[in-house]
Chemist: 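After the structure tokens below, expect a handful of questions from me.
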2 protein chains.
Amino acid sequence: MSSSQVMSQALRAKVMSAEDAAALVEPGSHVGMSGFTGSGYPKAVPLALARRIEAAHARGEPFRIGVWTGASTAPELDGALARADGIDLRLPYQSDPATRQRINAGSIDYIDLHLSHVAQFVWFGFLGHLDVAVIECAGILPDGRLIPSTSIGNNKTWLDLADRVIIEVNSWMNPALLGMHDIYYGTRLPPHRKPIPIVAPGDRIGETTYRCNPDKVIAVVETHAPDRNTSFAAPDDVSGAIAGHILEFFEHEVKQGRLPRNLLPLQSGVGNVANAVMAGLDDGPFPHLTAYTEVLQDGMLNLIRSGRMDLASATALSLSSEAAIEFNREIEFLRDRIVLRPQEISNHPEVIRRLGVIAMNGMIEADIYGNVNSTHVRGSSIMNGIGGSGDFARNAYLSIFMTPSTAKNGTISCIVPMVTHVDHTEHDVQILVTERGLADLRGLSPKQRARIIIEKTAHPRFQPALLDYFERACRDSAGKHTPHLLDESFRLLRPE
Amino acid sequence: MSSSQVMSQALRAKVMSAEDAAALVEPGSHVGMSGFTGSGYPKAVPLALARRIEAAHARGEPFRIGVWTGASTAPELDGALARADGIDLRLPYQSDPATRQRINAGSIDYIDLHLSHVAQFVWFGFLGHLDVAVIECAGILPDGRLIPSTSIGNNKTWLDLADRVIIEVNSWMNPALLGMHDIYYGTRLPPHRKPIPIVAPGDRIGETTYRCNPDKVIAVVETHAPDRNTSFAAPDDVSGAIAGHILEFFEHEVKQGRLPRNLLPLQSGVGNVANAVMAGLDDGPFPHLTAYTEVLQDGMLNLIRSGRMDLASATALSLSSEAAIEFNREIEFLRDRIVLRPQEISNHPEVIRRLGVIAMNGMIEADIYGNVNSTHVRGSSIMNGIGGSGDFARNAYLSIFMTPSTAKNGTISCIVPMVTHVDHTEHDVQILVTERGLADLRGLSPKQRARIIIEKTAHPRFQPALLDYFERACRDSAGKHTPHLLDESFRLLRPE
């Protein structure tokens, strides 16, 4: 049954074991792998490669590679290679504990990139040469075209630019995925670029399969495994309250005539708060929703299944195991309502600004002037990465950032005097939301923002200290535009 | 002679003095004025309004307005109104000493916006209602259409959205400007937006004049005055060295095949360093240059006059008085080689990314990890504003930031451990240049960036302290991804 998904005679001749395929990856290679938020990543070759690397290290031979992906992957990819000390450079996004630990210990170099920048930077030649691509597919058609799997990410670019290609054909994937994807082949390098002809989230502008030069394919590996399971937590009080504030805000904006009744295309970051917002929308008054987003999670899938959302465009699925099974069962219904695109298109500033996307992203912390830290703990340790939040926030119709008001069991405030790392500047943040409330920063100066951020979003336990800082800064700061006391801007709320 | 530039009979009936026109502006109004980098601003009504405000204040009556513009204006607008304490809110950019002083004293609220965001935020209803527009034009055609002056900025939006319109017709402006402008009327609100059909810097997609509902015009005021003179300093050693590093880099990129021989469309911020780069290009090996930029300064005008640059698209001129005279003399030649557009188009992410612009912007300081501060001194006092630097930097093919390595007669390093305000994050900065050298940050992790930034761009007087900070941070920082010592990250180079 599994080999029936390799329908090309020429490529069936290249079927081999994961071990044999991994043996074709040289030390020092730049390897472009598939994978985005735990879906569509290769399941077997990275594990075999990690074993090969461990064996080399046991012999005293150096063996590390550069790992380029769409975004985060899974223990079988990032985790295995990081634990084998097999990664010297990682880009553009990760969320794996073993990888993160090594980045923050200083043994892996990590380049955190806007996800819309990655493909073009490689085409421009800014990140060096791509040696090998390792791409998971749902099948290979008789003519050699590849049926994409559950994420697209940068796969088109990796297939186009890599010298050599290893294909994993995962027979767990439903071949009925064919037709859900939209691979745009109209990109060019400047000065030859044309407008991207998307004017509505569901517009299809490309092909349903990847092109792949069969001469570059050095191995085909057959697998049968589901994607990483992402558990879907039912909304708790905190995420439910955040979602409630956002829904109330949407209703207000519709009443004011600043949003249409069916809102505008939604972008929603990953995680439980994002899922809670989607759950809230399922009970809300907004019909015929659409999404133009990176990742389609359970919450958004439920909106489509319930008929509340007409259509979603994304670059990847990120489903719980239950939802993945439902997805497979209902794939004929869903195929017309979900479009998966390359991340350079799902995250393209041109399209995001044109469509007027409502961007909703999580964060680590925000400061009283509205600068957002999405990536760093205490300015020095990376959490995951900026992902697509910058692509969406700066170009959105509405740029919303959300977080619980406290972290670490309430001991740390997520609203601080000054963030220790800035990913989204005051210029790119319009709405801040915690379970305490929503601060609408549109049309406000820094000092006006500070008062409303402290009042609406900070936890009452930290409000007095924040207000005290702000008022003393207003009195003692040299400049009164964005008053700060630099000697204590980082100290106030940071446990010693 | 002057009245010949008001060719509409209906609007000629509305000609009045600046005092009479200023009397039609109510206290508390939001006033959208023309003006961008000291060109095309109204010359008479703001002065008359400032006198009216001063008289009201002398009588003990409150009188302040919100001032919305394209970008910076001139002493006759920002300066006069600020000195009269007549501004309560200013947006989106300013560079006036009197205005800046009051913003930093806390008496004017200032909203610093990406220049591409301004028009759409007003259309979306995010910044409140626009009561009055005060727009300088070069003439009024018999049918009531307006010939734009030396800047476009947000004038189209102000004319479309304001309840009432005051037109200043400046007979100093050459009526032969007619034909140089390209006012795009194809914008829509989401979800009705279409691609912006620009595929080359010179593409004309709009109309040569502003539409204006004559019923909204409450006054026409005739003036005869040149724009603010911006003096053009000959390149000094420092700006010449910066320009030299950039030109050498361009040559290298052409050799590597990463830039075409005629480069890609240039964007150049304002100031002497930018002018020095343009002067360098005039002697350089790159033919048939183009520009897709905000502001056309003397240096770029010289490139066009010398035949080195085929064409420049901008939203405003910012010329010295000598260059302004030459501009007027050669306007027939220049009209086919310069396109002035609304700032929402000159700065549009869609067009900037499509064209692959090379963005070159000044800054106040950068940190060792490549974060850039363009706006704030010591985190609290605003200098000017972010302007269009974010629109260009994030969407550029190459994002270059430049500054002398030191400020205040060499006593302050412009390369610091951690910037006190972030306008451009590590994700948006590819090249840093000072007179000491050029740091190419593409494809580097934070620690790799730090070493090269310190080595290539910092002044030798400050290199040991920066290296010492970095090495101790690498040793003592909790996280080794972006090592920092938060207790001293702001203290090291800051004079007490």
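If you're wondering where the values come from, they're calculated on a predicted model, not measured in any experiment. Naming: A, B, ... by sequence-line order, numbering from 1 per chain.
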Chemist: Measure the CD1-CG distance between I111(A) and L441(B) for me, rounded to the nearest 0.5 Å.
Modeler: 10.5 Å
Chemist: For L355(A), which atoms come within 4.5 Å of any heavy atom of chain B: side chain, backbone, both, or neither?
Modeler: backbone
Chemist: Using non-hydrogen atoms only, which part of Q120(A) is less than 4.5 Å away from chain B: side chain, backbone, both, or neither?
Modeler: side chain
Chemist: Measure S107(A) against the heavy atoms of chain B and call it side chain, backbone, both or neither at under 4.5 Å.
Modeler: neither
Chemist: Which region of H421(A), side chain (C-beta onward) or backbone (N, CA, C, O), has a non-hydrogen atom less than 4.5 Å from a non-hydrogen atom of chain B, or is it both or neither?
Modeler: side chain
Chemist: Given heavy-atom pairs under 4.5 angstrom as the criterion, report whether the side chain, backbone, both or neither of L189(A) touches chain B.
Modeler: neither
Chemist: Taking atom types as modelled, is there a side-chain donor on H376(B) or T482(A) under 3.5 Å from an acceptor on the other?
Modeler: yes
Chemist: Closer than 3.5 angstrom, by distance alone: can the side chain of H427(A) be matched with the main-chain N or O of D112(B) as a donor-acceptor pair?
Modeler: yes
Chemist: Tell me which one of W123(A), F121(A), F124(A) satisfies ring-ring contact (aromatic ring centres under 6.0 Å, His included) with Y397(B).
Modeler: F124(A)
Chemist: Is R188(A) close to chain B through its backbone or its side chain, or both, or neither, when contacts mean heavy atoms under 4.5 Å?
Modeler: neither
Chemist: Considering only heavy atoms, which portion of Q448(B) lies under 4.5 Å from any heavy atom of chain A: side chain, backbone, both, or neither?
Modeler: side chain
Chemist: Under a 4.5 Å heavy-atom cut-off, does chain B meet the side chain of P191(A), its backbone, both or neither?
Modeler: both
